[in-house]
Structure formats: C-alpha cells, structure tokens
Amino acid sequence: MPELPEVEVIRCALEPLIMGKTFVSPVLYMSSTIEYPGPEEFCAFLSGRRVERIGRKGKYLLIDLDRGFLAIHLRMTGNLIYCEREQTHEDRFLRIGLPFSDGSALYFSDMRRFGRIWLVESEEELALRVLKNVGPDILDEVDRDKFCRLLAKRNSTRLKTLLLDQKFIAGMGNIYTDECLHRCGLHPLRQAGTLERAEVEKLYAVIREVLAEGIEFGGTSIRNYRNAAGALGDFQSRLAVYGRRGEHCRCCGAVIEKINAAGRGTYYCPRCQKISGHVS
DNA sequence: AGCACCACCTGTGGGC
DNA sequence: TGCCCACAGGTGGTGC
C-alpha cells in the first residue's frame with residue numbers, strides 16, 4: 001500500500017496523538033506480525049516504554065522510545081489506526097493492539113499480513129536488524145549532488161528498477177515512480193547511464209516535487225490506504241499515468257500504455273516518454 | 001551486476 | 001450473469 005508520502009502523512013498525524021504516551025501490555029492477534037523479538041519479549045519490553053519521537057526512513061515508521069525503537073513497515077495493505085479509547089472493533093484483519101496508559105490505543109490492521117513490526121534496544125540494532133537493506137531517505141538524506149553520484153554508480157540499471165530499489169534511495173514505490181518518470185519525460189526501461197546531467201538533475205527535482213505533492217494531498221488512496229484518523233488520501237485524482245492504461249495522456253493526448261518492468265505493472269505515455277534508442 | 005521469477009497473503013475486478 | 005484467475009501500493013530469496 002503505502003509509499004513514502006502515505007507513511008509521512010501517517011507519521012504527521014500520529015505525532016501529536018501519541019507523543020509522550022506510555023505503552024501498556026500489547027494485545028497480539030497475530031504474533032507473526034512481529035518480526036523481532038519473540039512475542040513474550042516484545043510484550044515485556046514494550047510495556048512501560050514512553051514515546052519520545054516519531055520518525056521515518058523511507059517507508060519505515062520509526063518510533064523512538066525512552067529505551068529502544070519500535071519500527072513498523074506497512075508493506076502492501078498494512079494500516080495504523082489511532083483510537084482515543086481502547087476498543088474491541090469488528091476488524092478481522094486486526095493483527096496487533098498497542099494500548100497506552102491513558103486509555104487510547106494504536107491498532108495495526110493488515111489484510112494481506114505482509115506488514116511487520118520490530119522492537120530493538122539500540123540504534124545499532126535498528127541499523128543491523130531493520131534497516132540493513134535501506135539506503136538514504138530521498139527527502140531527508142539525499143541532496144542533488146549525492147543523487148547524481150549514486151546514480152552514476154548504477155549505469156546499466158533501468159530507471160524503473162533503480163527508483164524502486166530501496167538500497168539506492170528509500171521511499172519510492174510503484175505509483176510515485178511511474179508518476180515521476182512521466183513528469184520527467186523519461187522511459188521506465190531507459191538505462192540510468194544514458195541520462196544527460198540535466199536529465200538526472202531534473203529527475204531529482206521531480207522526485208522531490210511529486211513526493212511533496214503526495215504528502216500535501218494526504219497520500220494516494222487506490223484500494224486500502226487511509227491515514228491514522230481513517231481519512232482517505234486525495235492524490236489518486238491527480239495521477240498522470242498510474243492505473244490509466246487506455247486513457248489519454250493529459251499532456252499530449254496519446255494513449256497510456258502498460259508494460260511489465262522490474263516485475264511490476266508500469267504505466268507510461270509512449271509519446272511523452274521516448275526511450276530514444278536505449279532499450280536493453 | 002542486473003534481471004526474471006517465486007514466495008508471502010487475501011480480495012477483487014476485468015475478461016471471457 | 002457468473003466464474004476464474006491475473007493482479008494489487010512491498011520485500012527478500014533464488015538461480016541464471
């Protein structure tokens with residue numbers, strides 16, 4: 001489900017709601033959602049921990065505790081729901097309940113069960129166990145020159161594959177990648193090494209612009225996404241190519257096509273996004 | 001190195 | 001109209 005903008009919208013909503021609160025005993029409806037440590041250790045260690053900061057790296061939500069970190073990845077259909085009062089609601093996809101000492105609670109719900117939660121004791125353990133395959137956050141940790149340097153190391157990788165690679169830059173997903181490539185006029189199968197310096201700089205600027213718009217409009221709700229308060233995002237109405245196969249490009253009128261790239265459904269405009277002879 | 005494919009899950013919508 | 005399977009916002013592992 002969520003890419004960087006959706007996670008950031010959740011992070012912003014959650015921050016004022018749970019900052020400073022203290023967790024009490026979690027309720028595990030599906031303990032395999034906890035990737036680390038074991039269920040008993042998770043419950044014992046989280047109980048009594050206070051929330052000191054809500055952060056994010058790429059698509060990971062990172063909750064700093066007075067001791068340790070709670071890391072959450074929503075994967076495809078995960079969802080965090082905040083309730084002012086702890087409640088037993090009819091959610092068959094409810095995986096974990098995280099109540100606070102003041103009676104409010106955070107619920108982790110996930111239809112497809114891909115989402116994961118980690119609880120680690122230190123920054124070192126966070127880097128080792130959770131973020132070992134996660135590169136720099138594209139909004140917080142990559143400036144223009146760094147983006148150019150990183151991209152130059154990946155000459156033969158296709159742009160679609162590269163932008164989806166969380167080790168390269170963290171935060172891009174399938175929707176925002178297609179939107180960025182379209183806005184830049186770059187073909188998803190074009191190899192990174194064939195870009196002119198100006199095209200790389202344009203790509204960097206557009207990535208940040210599109211992600212910022214995604215956040216501004218509350219994220220993209222296509223199937224399941226809702227923010228922590230249960231509201232739908234609004235960016236789906238602004239998508240230029242994603243999910244629009246057979247429809248007309250709003251820039252040039254050509255028919256949007258769908259191909260498979262990096263194993264994902266990939267939408268692009270064949271007129272705006274020419275490959276200019278660089279197929280591989 | 002890069003890529004294609006599978007696995008993990010459940011739901012649903014497009015196509016026949 | 002009804003049924004079925006391809007596909008869905010992600011990631012990690014395999015093998016070529």
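Each chain gets a letter, A, B and so on, in the order its sequence line appears, and its residues count up from 1. Side chains are part of it too, since the values below use all heavy atoms of this structure and drop only hydrogens, waters and symmetry mates.
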Of the candidates C/dG10, C/dG12, B/dC3, the side chain of A/Arg158 sits closest to B/dC3
d(A/Arg56 CZ, A/Leu62 CG) to nearest 0.5 Å is 9.0 Å
ask   = For C/dG10, does either OP1 or OP2 sit under 4.0 Å from a side-chain N or O belonging to A/Gln166?
value = no
Checklist entry - Can A/Phe114 be called stacked on B/dC8 when the rule is centres closer than 5.5 Å and an angle between planes below 30°? => result yes
Between A/Asn133 and A/Gly265, the residue closer to the 5' end of DNA chain C by nearest nucleotide is A/Gly265
Under 4.0 Å: is that the gap between some side-chain N or O of A/Ser156 and OP1 or OP2 of B/dA1?
-> no
Rounded to whole Å, the CD1-P distance (A/Ile169 to C/dG10) equals 13 Å
Interatomic distance, CZ@A/Arg158 vs CG@A/Leu186, rounded to 0.5 Å, equals 15.0 Å
When rounded to whole Å, the CG to P distance for the pair A/Asn79 and B/dT10 reads 18 Å
Taken to the nearest whole Å, CG/A/Leu74 to P/B/dT10 is 18 Å
Self-check item: Side-chain heavy atoms of A/Ile72 within contact of A/Ile63, under 4.5 Å
Solution: yes
note: A/Leu163, atom CG; C/dT11, atom P; distance rounded to Å ~ 13 Å
Quiz prompt | Side-chain donor-acceptor pair present, A/Glu247, A/Tyr267, cut-off under 3.5 Å | solution = no
Closest of B/dG2, B/dT10, B/dC3 to the A/Arg92 side chain is B/dT10
Is a donor-acceptor contact shorter than 3.5 angstrom present between the side chain of A/Arg112 and the base of B/dC9? yes
Exercise. With a 4.0 Å cut-off on heavy atoms, is A/Gly173 in touch with a base, just the backbone sugar-phosphate, or nothing at all?
Worked result: sugar-phosphate
With rounding to the closest Å, how many angstrom separate the P atoms on B/dA4 and C/dC7?
15 Å
Between the CZ atom in A/Arg95 and the CG atom in A/Asn79, the distance rounded to the nearest 0.5 Å is 12.0 Å
B/dC9 to C/dG13 separation - P atoms, rounded to the nearest Å | 15 Å
Of the listed B/dA1, B/dC9, C/dG10, the closest approach to the A/Arg113 side chain comes from B/dC9
5'-most contact on DNA chain B (nearest-nucleotide basis), A/Lys153 vs A/Phe93, goes to A/Lys153
Can a donor-acceptor pair under 3.5 Å be found between the side-chain atoms of A/Arg264 and the base atoms of C/dA8? no
From the candidates B/dG2, C/dC7, B/dC3, the one with an atom nearest any side-chain atom of A/Lys258 is C/dC7
Taking distance alone, no hydrogens or angles, what donor-acceptor pairs closer than 3.5 Å link side-chain atoms of residues 250-263 of chain A to residues at least two apart or in another chain?
unit_1: A/Arg250; atom_1: NH2; unit_2: A/Leu239; atom_2: O; d: 2.3
unit_1: A/Glu257; atom_1: OE1; unit_2: A/Tyr268; atom_2: OH; d: 3.1
unit_1: A/Asn260; atom_1: OD1; unit_2: A/Gly263; atom_2: N; d: 3.3

Review point. Counting just side-chain N and O atoms, does A/Lys132 come under 4.0 Å of either OP1 or OP2 of C/dG12?
Key: no
Here the distance between atom P of C/dA8 and atom CG of A/Leu164, to the nearest Å, is 12 Å
Winner on side-chain proximity to A/Met111, out of C/dG12, B/dG11, B/dA1, is B/dG11
note: A/Asn260, atom CG; B/dC6, atom P; distance rounded to Å ~ 12 Å
How far does the C1' atom of C/dA6 sit from the matching atom of B/dC6, given to the nearest Å?
15 Å
With a non-hydrogen cut-off below 4.0 angstrom, is A/Tyr176 in contact with a base, only sugar-phosphate, or nothing?
nothing
Report which part of the nucleic acid A/Arg154 touches: base, sugar-phosphate, or nothing (heavy-atom distance under 4.0 Å, all strands).
-> sugar-phosphate
Would you say NZ of A/Lys21 has more than 12 non-hydrogen atoms from neighbouring residues, nucleotides or ligands within 6.0 angstrom? yes
Q.
Counting only side-chain nitrogens and oxygens, does A/Thr161 get under 4.0 Å of the OP1 or OP2 atom of B/dC3?
A. yes
Between CD of A/Glu35 and C1' of B/dC9 the distance, given in whole Å, is 15 Å
A/Lys160 NZ to B/dG2 P, in whole Å, measures 18 Å
Closest of B/dC9, C/dG10, B/dG2 to the A/His73 side chain is C/dG10
Ranking C/dA8, C/dT11, B/dG2 by distance to the side chain of A/Arg75, first place goes to C/dT11
A/Glu141 atom CD: more than 12 heavy-atom contacts under 6.0 Å: yes
On DNA chain C, more 5' by nearest nucleotide between A/Val130 and A/Ile222 is A/Ile222
| task | Please tell me if the side chains of A/Tyr36 and A/Val130 come closer than 4.5 Å, counting only heavy atoms from C-beta onward. | result | no
Its dot-bracket string being built from Watson-Crick and G-U pairs below 3.5 Å, with | for another strand and [ ] for crossing, DNA chain C has the pattern .|||||||.|||||||
Sequence neighbours excluded, the answer for ring pair (Phe, Tyr, Trp, His ring centres under 6.0 Å) partners of A/Phe100 is A/Phe23
